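Remember, it's a predicted structure, so these values are computed and weren't measured experimentally. Throughout, protein chains are lettered first and strands after them, A, B, ... in sequence-line order, and every chain is numbered starting at 1.
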Amino acid sequence: MHDPVRFLARPAPRVAPELLGWRLAIGPHVARITETEAYHGERDRACHASKGRTPRSAGLYARAGTLYVYLCYGMHWMLNLVCDDVDVPSAVLIRSIELPGIDPRASNGPGKVAKLLGLHRSHNGQHLDHGDLHLLPPLVPVKRRRRGPRVGVAYAGPGWAEKPWRWWEDGFPVVANRL
DNA sequence: CTCTAGATCTAT
DNA sequence: TAGATCTAGAGG
């Protein structure tokens with residue numbers, strides 16, 4: 001099952017751990033995904049769809065393989081790969097990547113990821129099948145998978161803030177959670 | 001219309 | 001630990 005879109009067409013919490021090791025290709029870059037985070041359903045208080053379908057969250061309800069790219073804190077673009085079926089808001093945030101010749105500490109954070117890959121507003125709503133960003137199956141398998149709570153979602157409250165929906169490859173630098 | 005908080009990062 | 005920088009979404 002190496003068709004990227006079909007691979008993504010499942011709930012984000014199931015896709016996110018398996019997405020480690022897959023590669024993002026755009027222009028001259030081929031980045032290996034080393035950290036992911038899942039957001040799923042309107043009940044997930046950390047998900048942008050927690051307030052229902054709005055102009056911003058609409059993309060989360062699109063078909064698997066759609067890109068959900070949004071501006072965070074007024075200065076960082078976040079790349080999400082939409083998952084699951086149409087009308088089910090579900091997506092995986094790409095938190096860290098590995099790029100040839102680049103220090104892993106320079107590519108460990110969603111803001112850095114988008115910046116390094118040159119992603120911004122115009123990529124929002126694009127689809128993997130028709131845009132300039134492509135998802136390729138793993139070449140180098142993931143050695144060991146680690147799991148923990150999502151970052152920066154304390155506002156989501158009990159039950160959602162601590163949900164261990166973040167995964168990363170052991171050995172790669174991870175951004176510590178803030179309290 | 002106004003206001004606030006935010007899926008961050010960097011420098012201090 | 002604070003400041004940069006901006007916009008979606010809620011409330012009036």
Side-chain angles (χ1 to χ4, degrees), chain A residues 8 10-20 22 24 29 31 33-62 64-84 88-99 102-126 128 133 135 145-169 172-179:
Chain A
L8 294 173
R10 297 171 290 148
R14 273 212 275 289
V15 174
E18 295 180 28
L19 200 53
L20 295 178
W22 282 68
L24 290 169
H29 307 292
I33 298 172
T34 56
E35 185 183 3
T36 58
E37 206 164 70
Y39 291 85
H40 184 263
E42 296 185 339
R43 302 173 34 147
D44 177 1
R45 308 293 281 164
C47 182
H48 286 167
S50 64
K51 287 157 189 163
R53 206 186 283 246
T54 65
R56 179 175 67 165
S57 71
L60 288 170
Y61 296 76
T66 299
L67 308 187
Y68 173 56
V69 181
Y70 75 96
L71 183 64
C72 185
Y73 292 108
M75 56 195 85
H76 302 291
W77 294 97
M78 308 277 128
L79 167 65
N80 292 256
L81 302 183
V82 175
C83 299
D84 217 319
V88 177
S90 190
V92 174
L93 169 69
I94 308 301
R95 291 195 59 88
S96 302
I97 54 177
E98 182 186 23
L99 274 171
I102 292 189
D103 189 311
R105 281 168 301 187
S107 57
N108 69 333
K112 299 176 190 174
V113 168
K115 177 155 196 189
L116 285 166
L117 299 182
L119 300 168
H120 46 88
R121 164 165 283 145
S122 73
H123 293 273
N124 187 41
Q126 265 195 24
L128 289 173
L133 179 70
L135 183 63
R145 240 173 277 268
R146 307 264 270 141
R147 181 184 196 180
R150 295 178 290 183
V151 175
V153 296
Y155 63 87
W160 296 103
E162 328 84 52
K163 224 171 231 321
W165 280 1
R166 176 165 59 120
W167 289 268
W168 67 93
E169 180 170 11
F172 283 85
V174 153
V175 176
N177 209 341
R178 296 205 177 188
L179 299 182

[X] side chain vs [Y] backbone, donor-acceptor pair below 3.5 Å:
X: Tyr155(A); Y: Ala46(A); result: yes
X: Arg53(A); Y: Tyr61(A); result: no
X: Arg166(A); Y: Pro149(A); result: yes
X: Asn80(A); Y: Val69(A); result: no

May I have the distance from [X] (atom [atom1]) to [N] (atom [atom2]), rounded to whole angstrom?
X: Arg56(A); N: dA10(C); atom1: CZ; atom2: P; result: 10 Å
X: Glu42(A); N: dG9(C); atom1: CD; atom2: C1'; result: 15 Å
X: His120(A); N: dC6(C); atom1: NE2; atom2: C1'; result: 17 Å
X: Tyr70(A); N: dG9(C); atom1: OH; atom2: C1'; result: 15 Å
X: Lys163(A); N: dA7(B); atom1: NZ; atom2: C1'; result: 16 Å
X: Trp77(A); N: dC6(C); atom1: CH2; atom2: P; result: 11 Å
X: Glu35(A); N: dT8(B); atom1: CD; atom2: P; result: 10 Å
X: Arg105(A); N: dA11(B); atom1: CZ; atom2: C1'; result: 17 Å

Most 5' of His76(A) and Ser57(A) on DNA chain C, judged by nearest nucleotide: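 Its nearest nucleotide being more 5', the pick is His76(A).
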
- request: If dT10(B) has a Watson-Crick or G-U wobble mate with both distances under 3.5 Å, name it; if not, just say none.
  value: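 WC or wobble partner is dA2(C).
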
task: Tell whether His48(A) reaches the base of dA7(B) with its side chain through a donor-acceptor pair below 3.5 angstrom.
output: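 Such a pair is found, so the answer is yes.
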
Among [options], find the nucleotide with the atom closest to the side chain of [X].
X: Lys112(A); options: dT8(B), dT10(B), dA7(B); value: dT10(B)
X: Cys72(A); options: dT8(B), dG9(C), dT5(C); value: dT8(B)
X: Met78(A); options: dT8(B), dG9(C), dA4(C); value: dT8(B)
X: Arg95(A); options: dA7(B), dG9(C), dA4(C); value: dA7(B)
X: Tyr155(A); options: dT8(B), dG6(B), dT5(C); value: dG6(B)
X: Leu71(A); options: dT7(C), dA7(B), dA10(C); value: dT7(C)
X: Leu93(A); options: dC9(B), dG9(C), dA7(B); value: dA7(B)

Sugar-phosphate only, base, or nothing, as touched by Arg150(A) at under 4.0 Å among non-hydrogen atoms: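 Arg150(A): no heavy atom of the nucleic acid under 4.0 Å.
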
- prompt: Does the side chain to side chain contact (heavy atoms under 4.5 Å, CB included) test come out yes or no for Ile102(A) and Ile97(A), once each step is laid out?
  reply: CA-CA 10 Å; Ile102(A) 292 189; Ile97(A) 54 177; over 6 Å; no

dA8(C) phosphate, OP1 or OP2, under 4.0 Å from Thr54(A) side-chain N/O: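 No, no such contact exists.
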
- prompt: Phosphate oxygens OP1/OP2 of dA7(B): is one of them under 4.0 Å from a side-chain N or O of Arg166(A)?
  reply: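 Arg166(A) to dA7(B) OP1/OP2: no side-chain N or O under 4.0 Å.
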
field: Lys/Arg-Asp/Glu bridge criterion (N-O < 4.0 Å) met for Glu37(A), Arg95(A)
entry: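 Arg95(A) and Glu37(A): salt-bridged.
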
